[in-house]
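Throughout, protein chains are lettered first and strands after them, A, B, ... in sequence-line order, and every chain is numbered starting at 1.
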2 protein chains.
Amino acid sequence: MESQDLRKAGLKVTLPRLKVLEILEQTAQRHMSAEDVYKALLEMGEEIGLATVYRVLTQFEGAGLVSRLSIEGGHAVFELVDGSHHDHLLCVSCNRIEEFVDEVIEERQRVIAAEKGFEMTEHSLYIYGICKECQKKAG
Amino acid sequence: MESQDLRKAGLKVTLPRLKVLEILEQTAQRHMSAEDVYKALLEMGEEIGLATVYRVLTQFEGAGLVSRLSIEGGHAVFELVDGSHHDHLLCVSCNRIEEFVDEVIEERQRVIAAEKGFEMTEHSLYIYGICKECQKKAG
DNA sequence: AGTGTAAATGAGAAGAGTTTTCATTTATAT
DNA sequence: ATATAAATGAAAACTCTTCTCATTTACACT
Ligand SMILES: [Mn+2]
Ligand SMILES: [Mn+2]
Ligand SMILES: [Zn+2]
Ligand SMILES: [Zn+2]
């Protein structure tokens, strides 16, 4: 029951918020742009404005329910937070997104930040490339 | 003499291109937005349009003379390519940018891409945090 | 040096993605 | 039920960047 998650975040339980959560939970694609969410809502018969979708996603991000990927050149993409941090591989040809966790990289980042005297708050790591399927298609 | 670099890249040797190169070479700040370059040109007395600055920087990027950082939420930032690849640390408080190279991370990225069947074309890694100076100021 | 032609430029319009504004509606505490 | 603060929708605004198109420029070839 996600009404509780909303209340915990200090957010009123509204239809747009519940529906956006529902989309994020039930969608086949884990990573969705605001536009994707907006269209999924329309297909579901919910006429929720795009501005509201942006607002709600941003609030969810603030509440730690959702994380935002800022992909080079493109739209922001959102995904439900499900506990653990991970980074991403992106196919530049078909936009497929894969996830990975690498403790070696995570640790090196901490060391580098410490060496430079930085108090690390976060990091963003994207590996761009051509996925297996797209390599096949290209021959 | 950088006219040669331009010619090698198949670009005509024009005043805007020479001046943008000059700015990038002589500036104190290694990392500059298009706007920064534009303003530096104005201060130098060169009335070169912002659209031209964007065009020239994008062409320089294509020619491998310049690389572009896509920083979360903000403007793109450009820097002269000087041989080796490096990644960046960014202070979220004062926008200071520091550079680092870490072969362990570079290698792990190759391994991860290979494991996922990706042909890696590039990567982007930013460590966000608070720099030493800003930590002092904040107490 | 002069000429032709393709490329480059400047100014402003357009574009994409996202945020803001503001009048109206809604959730929720009383 | 009522009051009130918060949320919403629609459109406008915003920011950064690219495009359009008329004019200018670089440079290959006389
Ligand atoms: Mn993910
Ligand atoms: Mn750099
Ligand atoms: Zn692909
Ligand atoms: Zn700082």
Side-chain angles (χ1 to χ4, degrees), chain A residues 1-23 31-42 44-63 65-78 95, chain B residues 1-23 31-42 44-63 65-78 95:
Chain A
M1 188 86 300
E2 48 282 325
S3 299
Q4 303 315 315
D5 297 328
L6 294 179
R7 275 191 248 272
K8 255 184 274 174
L11 299 171
K12 284 189 186 173
V13 178
T14 63
L15 191 129
R17 288 178 181 151
L18 289 173
K19 291 300 176 185
V20 169
L21 267 189
E22 193 179 323
I23 293 288
H31 304 89
M32 299 183 87
S33 68
E35 191 83 34
D36 290 338
V37 172
Y38 173 68
K39 284 181 182 155
L41 288 167
L42 284 185
M44 200 185 219
E46 300 293 343
E47 303 230 330
I48 293 171
L50 180 56
T52 299
V53 173
Y54 272 107
R55 267 189 296 240
V56 167
L57 288 170
T58 301
Q59 291 157 346
F60 284 2
E61 187 190 13
L65 297 173
V66 151
S67 71
R68 180 193 302 246
L69 317 198
S70 301
I71 296 173
E72 212 146 294
H75 338 186
V77 168
F78 300 84
N95 297 316
Chain B
M1 188 87 299
E2 48 282 325
S3 300
Q4 302 315 315
D5 297 328
L6 294 179
R7 276 190 250 270
K8 255 185 272 176
L11 299 170
K12 282 188 186 174
V13 178
T14 64
L15 191 129
R17 288 178 181 150
L18 289 173
K19 291 299 176 186
V20 169
L21 267 188
E22 193 178 324
I23 293 288
H31 304 90
M32 299 183 89
S33 68
E35 192 83 34
D36 290 338
V37 172
Y38 173 67
K39 285 180 183 156
L41 287 166
L42 284 185
M44 199 185 223
E46 300 293 343
E47 302 229 331
I48 293 171
L50 180 56
T52 299
V53 172
Y54 272 107
R55 267 189 295 239
V56 166
L57 288 170
T58 302
Q59 292 156 346
F60 285 2
E61 186 189 15
L65 297 174
V66 150
S67 72
R68 179 194 303 247
L69 317 197
S70 301
I71 297 171
E72 213 146 292
H75 338 186
V77 168
F78 301 84
N95 298 315

Exercise for the section: Would you classify B:Glu35 as touching base, sugar-phosphate or nothing, given that sugar-phosphate means primed atoms plus P, OP1 and OP2, and contacts are heavy atoms under 4.0 Å? Expected result: nothing
Handout entry: Least distance between heavy atoms, B:Leu42 atom then B:Glu47 atom
Key = CD2-CA, 4.3 Å
Exercise for the section: To the nearest 0.5 Å, tell me how far B:Met32 CE sits from B:Leu69 CG. Expected result: 13.0 Å
Handout entry: d(NZ, A:Lys19; C1', D:dG9) in whole Å
Key = 18 Å
Problem - 4.5 Å side-chain heavy-atom contact, A:Phe78 and A:Asp36 - result: no
Handout entry: Sugar-phosphate only, base, or nothing, as touched by A:Ala34 at under 4.0 Å among non-hydrogen atoms
Key = nothing
Practice task
Could you tell me whether the side chain of B:Arg17 and the main chain of B:Lys12 form a donor-acceptor pair under 3.5 Å?
Solution key: yes
Handout entry: B:Pro16 to B:Thr52 - nearest heavy-atom pair and separation
Key = CB-CG2, 3.8 Å
Show me the protein contacts with nucleotides 18-21 of chain D, counting only N or O atoms at under 3.5 Å.
from	atom 1	to	atom 2	distance (Å)
D:dT20	O4	B:Arg55	NH1	3.2

Exercise for the section: Verify the distance criterion only: is there a donor paired with an acceptor across the side chains of B:Arg55 and B:Thr58 at less than 3.5 Å? Expected result: no
Practice task
Mark up nucleotides 24-30 of chain D, 5' to 3', with B wherever a protein heavy atom is under 4.0 angstrom from a base atom, S wherever such an atom reaches only the sugar-phosphate, and - elsewhere.
Solution key: --BS---
Practice task
Heavy atoms of chain A, cut-off under 4.0 Å: which first and last nucleotide of DNA chain C, 5' to 3', fall inside that, if you could look?
Solution key: C:dG17 to C:dT28
Fill in the blank from the handout: When every non-hydrogen atom of A:Ile23 is compared with those of A:Ala40, the smallest separation belongs to CD1-CB, 3.6 Å
Handout entry: Between P of D:dG9 and CD of A:Glu46, the distance in whole Å
Key = 10 Å
Practice task
Please report the shortest heavy-atom distance between A:Val66 and A:Leu57, naming the atom on each side.
Solution key: CG1-O, 4.3 Å
Exercise for the section: Please examine the side chains of A:Leu6 and A:Phe60, heavy atoms only from C-beta on, and report whether any two atoms are closer than 4.5 Å. Expected result: yes
Exercise for the section: Find out whether A:Leu15 and A:Ile48 are in side-chain contact, i.e. whether some heavy atom of one side chain is under 4.5 Å from a heavy atom of the other. Expected result: yes
